[in-house]
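All values reported here derive from a predicted model rather than from experimental measurement.
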Amino acid sequence: VASRGTCCNMRPLMLHGHERAITQIRYNYDGDLLFSVAKDNKPTVWLSETGERLGTYNGHNGAVWCIDVNLDSGYVFTGAGDNTAKLWDCERGKEIRNFNTNSSVRSCGFSHLGDLIMFTTDERTSVNCEILVYDVRTDESAVARIPVDGSKVTTALWGPFDEFIVTGHEDGSLSHYDHRIEKCISKVQEHKGSVSDVQMSSDMTMLITSSKDTTAKLYDVDSLEVIKTYRTERPVNSAAISPIKDHVVLGGGQEAMDVTTTTTKAGKFEARFFHMIFEEEIGRVKGHFGPINNLKFHPNGRSYSSGGEDGYVRVHNFDPSYFEFEMDY
């Protein structure tokens, strides 16, 4: 991101292992592995440095909506539209455990210690949205089963020290759920559209949300107080916080069903970088031929990846000029 308002000349790695739109990407803790899931049924793992495809996790029969990997990269966890969540052996690609649900699994995640797994299910006719928590060390039934009243959960992750689960909802609200007492303990309504993504800062003090209302918002993770708001002209599908710079990156674009009616220029499919504190846009990166559905910074902050409606994952290593850039104030 060379200067304010200009685009970088970074040459990305183009990872093409999916036949349909990317739904989520995820780095492992060390950053050497990159995981991707899509509306096809094959979660895929790549070497993040070279883009080499290492393998797939075969077993789902529908679109895979979410993926997570535990701290030591021993296990992978996925949730899909075939009403299952699956726990996998990361290295061997073997299915370890299957969790059957009554509706699609929309979001999932390992607790920071890795002992617990959490996933959320969709609302359907006569089936309520739920948050389920299991202990991976046992084969017993759910540790917690939390019914979600009101708007369904669209995205979720574990809070700091596994004290609560943070959920984003279809009505634009953000909530804390305590899995030990199986209740919602706090809730705020800041977005005017569905929350599409929630990501945590590396120091676990802040959250960033993206929404269909064309904004992304930075929150204090404990109080859920809004600190900053980043505004665009198109729905924002994903947002991430840099672990080393005061930057956030937003990705989105116009709705997928309207994409064929516009050019790549008009569709606004760039990844957009904003200064975290000043809320000013500092640069854009073009590339995808459709909306960006998910974004992640590499754990070392020296690159980022984006997954798009076009089925590609693009890994961008930042130029030296990105690290030299400072805002004038």
Q: Spell out, as yes or no, whether a donor-acceptor pair under 3.5 Å connects the side chain of Ser107 to the backbone of Thr155.
A: no
(Q) Can you confirm whether Glu225 is buried at CD, in the sense that more than 12 heavy atoms of other residues, nucleotides or ligands lie under 6.0 Å from that atom? (A) no
Q) Taking only residues two or more places apart in sequence or in another chain, which ones pass side-chain contact (heavy atoms from CB on, under 4.5 Å) with Ser303? A) Tyr27, His298, Asn317
Q. When you look at CD of Glu49, are more than 12 heavy atoms from neighbouring residues, nucleotides or ligands closer to it than 6.0 Å?
A. no
Q: Under the side-chain hydrogen bond (donor to acceptor under 3.5 Å, both in side chains) rule, collect the residues that match up with Asp222, sequence neighbours excluded.
A: none
Q. Using links of under 4.5 Å between side-chain heavy atoms of ILVMFWY residues, direct or through other members, which residues join Leu207 in one cluster?
A. Leu157, Phe164, Val166, Leu174, Ile181, Ile185, Val188, Val195, Val198, Met200, Met204, Tyr219, Val221, Leu224, Val226
Q: Locate the shortest heavy-atom distance separating Met276 from Leu218; write the atom from each residue and the value.
A: CG-CD2, 3.7 Å
Q: Just grab all the salt bridge (Lys or Arg N to Asp or Glu O under 4.0 Å) pairs involving residues 93-115, residues at least two apart or on different chains.
A: Lys86-Glu95, Arg106-Asp122, Asp115-Arg137
Using a 3.5 Å cut-off and no angle test, enumerate the donor-acceptor pairs between side-chain atoms of residues 31-38 and protein atoms at least two apart in sequence or in another chain.
residue	atom	partner	partner atom	Å
Asp32	OD1	Asn28	ND2	2.7
Ser36	OG	His18	NE2	2.7
Ser36	OG	Trp46	NE1	2.9

Q.
Which Ile, Leu, Val, Met, Phe, Trp or Tyr residues join Tyr312 in one cluster when any pair of side-chain heavy atoms under 4.5 Å counts as a link?
A. Met14
Q) Does the side chain to side chain donor-acceptor pair (under 3.5 Å) test come out yes or no for His316 and Ser305, once each step is laid out? A) CA-CA 6 Å; His316 299 263; Ser305 295; over 6 Å; no
Q.
Between Asn293 and Glu309, is the side chain to side chain donor-acceptor pair (under 3.5 Å) condition met? List the steps.
A. CA-CA 6 Å; Asn293 289 337; Glu309 191 72 22; 2.9 Å; yes
